[in-house]
Undergrad: 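What follows is a single structure, and I will ask about it in a moment.
We number each residue from 1, following the sequence as shown.
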Amino acid sequence: MPPLEAVSTPTRADVWNVSNAHCRVRYQLLAEAEPDLLCRVLNHFALQFLVPQQVNVLQQNDLLSIDVVLDGLSWHRAQVIAEKLRNLISVCSVDLQPADSSWAQSAQAVG
């Protein structure tokens, strides 16, 4: 039996906007606190071969507040993913905005 080899993670090209510059984005979701919701949200990024730089989740009563910061995708692709997230059952709202580095640094200082 051959030894296991390291699996390389391919990057998925943005075929709709090949020439668009990639950016860093922040998704802010508000959703009902369901046991499988975080897996369903993160699965949308995994299917695109995207690994978030930062994920923050806070449960308040029956709601989850989820912040996800990603780099390396076009704004159009980020909007498409946001629409898919909005269609998830239990998701109340999705806000997409350009991520600013000061927010990421302040979140790391708090965490």
Side-chain angles (χ1 to χ4, degrees):
M1 184 176 287
L4 294 176
E5 296 179 16
V7 177
S8 64
T9 305
T11 57
R12 186 168 178 179
D14 190 348
V15 294
W16 295 304
N17 291 299
V18 175
S19 63
N20 281 1
H22 287 181
C23 59
R24 180 175 229 195
V25 296
R26 178 181 179 200
Y27 293 89
Q28 292 179 298
L29 292 84
L30 189 61
E32 297 173 14
E34 298 289 332
D36 67 338
L37 181 71
L38 190 56
C39 290
R40 289 188 285 133
V41 166
L42 294 176
N43 189 50
H44 280 282
F45 303 113
L47 290 171
Q48 300 289 318
F49 297 108
L50 297 169
V51 178
Q53 275 84 31
Q54 188 170 10
V55 177
N56 295 313
V57 181
L58 179 63
Q59 181 179 356
Q60 297 174 336
N61 299 323
D62 293 336
L63 294 175
L64 287 179
S65 173
I66 305 169
D67 290 338
V68 180
V69 176
L70 283 148
D71 201 4
L73 62 163
S74 70
W75 184 250
H76 177 265
R77 190 170 174 197
Q79 290 175 315
V80 170
I81 294 171
E83 282 302 314
K84 291 178 181 260
L85 293 171
R86 287 183 185 102
N87 289 327
L88 288 175
I89 295 175
S90 305
V91 172
C92 305
S93 67
V94 176
D95 182 38
L96 171 65
Q97 55 190 281
D100 96 345
S101 58
S102 63
W103 177 84
Q105 290 170 355
S106 66
Q108 287 176 349
V110 171

Undergrad: Nearest 0.5 angstrom please: Ile81 CD1 to Arg86 CZ, how far?
TA: 12.0 Å
Undergrad: Could you pull out all donor-acceptor pairs under 3.5 Å where a side-chain atom in residues 88-99 meets a protein atom, sequence neighbours excluded?
TA:
residue: Asp95; atom: OD2; partner: Gln97; partner atom: NE2; Å: 2.9
residue: Gln97; atom: NE2; partner: Gln28; partner atom: OE1; Å: 2.8

Undergrad: Would you say that Arg26 contacts Asp67 through its side chain, given a criterion of any heavy-atom pair below 4.5 Å between the two side chains?
TA: yes
Undergrad: So which heavy atom on Leu37 is nearest to which on Ala31, and how close?
TA: CD2-CB, 3.1 Å
Undergrad: Is any side-chain heavy atom of Asp71 closer than 4.5 Å to a side-chain heavy atom of His22?
TA: no
Undergrad: Hey, does the side chain of Gln59 reach the backbone of Asn61 with a donor-acceptor pair shorter than 3.5 angstrom?
TA: yes
Undergrad: Can you name the one residue among Leu64, Val41, Val57 that meets side chain to side chain contact (heavy atoms under 4.5 Å, CB included) with Leu29?
TA: Val41
Undergrad: Main chain of Ile66, side chain of Tyr27: is a donor-acceptor contact present, judged purely on distance under 3.5 Å?
TA: no
Undergrad: When rounded to the nearest 0.5 angstrom, what distance separates CG in Leu73 from CZ in Phe49?
TA: 14.5 Å
Undergrad: Any side-chain heavy atom of Leu50 sitting closer than 4.5 Å to one from Arg77?
TA: yes
Undergrad: Show every salt bridge (charged side-chain N to carboxylate O under 4.0 Å, His left out) that has at least one partner inside residues 40-57, sequence neighbours left out.
TA: Asp36-Arg40
Undergrad: Closer than 3.5 angstrom, by distance alone: can the side chain of Gln60 be matched with the main-chain N or O of Ser65 as a donor-acceptor pair?
TA: no
Undergrad: Does anything in residues 51-62 form a salt bridge (charged side-chain N to carboxylate O under 4.0 Å, His left out)? List the pairs, not counting sequence neighbours.
TA: none
